[in-house]
2 protein chains.
Amino acid sequence: MRLSTKGHYGLKAMFDLAMHYGSEPLPIPLKVIAERQGISEHYLEQLIAVLRKIGLVKSIRGAQGGYILARPPSQIKVGDVIRALEGPIAPLDCVSEFEPTACEKEHYCISRDIWARVRDSIAEVLDSITLEDMCRDAAKVSTDRVES
Amino acid sequence: MRLSTKGHYGLKAMFDLAMHYGSEPLPIPLKVIAERQGISEHYLEQLIAVLRKIGLVKSIRGAQGGYILARPPSQIKVGDVIRALEGPIAPLDCVSEFEPTACEKEHYCISRDIWARVRDSIAEVLDSITLEDMCRDAAKVSTDRVES
DNA sequence: TCAATCCCAAGTAAACCACTCGGTTTTCTA
DNA sequence: TAGAAAACCGAGTGGTTTACTTGGGATTGA
């Protein structure tokens, strides 16, 4: 029941982009994201390629290029990012969100219901949080720190 | 975010034992469990060894021996079984239920909160279901089938 | 032009998974 | 008391996944 670094790093990168998403967003080079978030640049490149193909980020090539979010942070859910990088939420294949594979049909598998509930509870958490929420929380944390 | 077969098979085996746990429980040989649940016997042996060491099942050696639950089904939570076989619930190491490893301390990691929430929602589901609940549901399903 | 940047494909060491194999030891029953 | 049924034990194994690295090529602003 572990998340791989794909989802973890990918979310960090998306959060980084969200934190720098202004009214006139400037593209942020991968190198900067990787440094700020402490991730191998080449590895992150592979992850962000997936996010780009899925349409969560846009890229601008050439000098002064970089990446920007394809939509405002309020319209990107954490679940979108995780699904893009980790695939459908599915503790077991037979309860995958999308195209569940057939169980052994012999007898009804009682544990299936449990994993379906686990899946739904994970999805509920991930889909209830947007990148905007994360930015707001981050701002709050830094304010709290200054105050204390 | 996948469960391995360890947790899956282990829960099936425990459910099997629970379904045959009477007032005077007879030991059930591994071979029988493995056949009923469609699991490789030798592989299940390794899993049940873990469950035994942790104290969820008791073994009786020799002919007519086998395994029985160490406690009644009502006192064994699904979460107990999964934790025994898969380790503490922890989407990331830094939010492990038990002995979380240190995050990069540099700056507060905002995504940590998300994974902690995911962890808690998984734990909540798994700890709210006992083997007895599973048996009751199984009985209900088979009744429904007969009625329909 | 040239440096910054994105884009792409392949390779790789280590870990993990889902088993298998080949035994030894214990204990009930005939 | 032999023999079979069962638990117990440890090593091996082929395949997949993970988390990268390496080494380039294509695009574009200054």
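Labels below follow one simple rule: chain letters A, B, ... track the order of the sequence lines, proteins then strands, and each chain is numbered from 1.
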Query raised in the report: Is there a donor-acceptor contact under 3.5 Å linking the side chains of B:Ser40 and B:Tyr9?
Result: no

**Report entry** Exercise: do B:Glu86 and B:Ser4 side chains pair donor with acceptor under 3.5 Å
**Finding:**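 Yes, because at least one side-chain N or O of B:Glu86 sits under 3.5 Å from a partner of the opposite role on B:Ser4.
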
Between [atom2] on [N] and [atom1] on [X], what's the gap in Å once rounded to a whole number?
X	N	atom1	atom2	answer
A:Arg52	D:dT27	CZ	C1'	13 Å
B:Leu26	D:dA7	CG	P	14 Å
B:Leu44	D:dC9	CG	P	16 Å
A:Leu47	D:dA19	CG	C1'	9 Å
B:Met1	D:dT17	CE	C1'	17 Å
A:Asp93	C:dC17	CG	P	15 Å
A:Leu51	C:dC6	CG	P	14 Å
B:Ile39	C:dT20	CD1	P	12 Å

Pair of N/O donor and acceptor under 3.5 Å linking [N] base with [X] side chain:
X	N	result
B:Glu41	C:dT20	no
A:Glu45	C:dC6	no
A:Gln46	C:dC8	no

Query raised in the report: Would A:Leu51 end up clustered with A:Ile68 when hydrophobic side chains under 4.5 Å apart are linked, directly or stepwise?
Result: no

Tell me which nucleotide among [options] gets nearest to the side chain of [X].
X	options	value
A:Gln64	C:dC19, D:dA7, D:dG29	D:dG29
A:His42	D:dG29, C:dA18, D:dT21	D:dT21
B:Ala63	D:dA5, D:dA11, D:dC9	D:dA5
B:Thr5	C:dC7, D:dC20, C:dC19	C:dC19

For [N], does either OP1 or OP2 sit under 4.0 Å from a side-chain N or O belonging to [X]?
X	N	value
A:Lys31	C:dT5	no
B:Ser40	C:dC19	no
A:Tyr9	D:dC20	yes
B:Lys6	C:dC17	yes
B:Tyr67	D:dC8	yes
A:Ser59	C:dC7	yes
B:Arg2	C:dC17	no

Query raised in the report: So what does A:Leu30 touch, heavy atoms closer than 4.0 Å: a base, only the sugar-phosphate, or nothing?
Result: sugar-phosphate

Query raised in the report: Given the rule in the side-chain contact (heavy atoms from CB on, under 4.5 Å) test, do A:Leu92 and B:His8 qualify, once you have shown the distances and angles that lead to the verdict?
Result: CA-CA 8 Å; A:Leu92 291 179; B:His8 188 198; 3.6 Å; yes

Query raised in the report: Thinking salt bridges, do B:Asp120 and B:Arg117 make one under a 4.0 Å N-O criterion?
Result: no

**Report entry** Test: B:Asp80 and B:Arg71 ion pair at under 4.0 Å
**Finding:**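 Yes.
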
Query - 5' precedence on DNA chain D between B:Ile48 and A:Arg61 (nearest-nucleotide basis) - result: B:Ile48

Query raised in the report: Pick the nucleotide of DNA chain C nearest each of A:Lys53 and A:Gly65; which residue has the one closer to the 5' end?
Result: A:Gly65

Query - Given DNA chain C, 5'-ward residue of the pair A:Pro29 and B:Tyr43, judged by closest heavy atom - result: A:Pro29

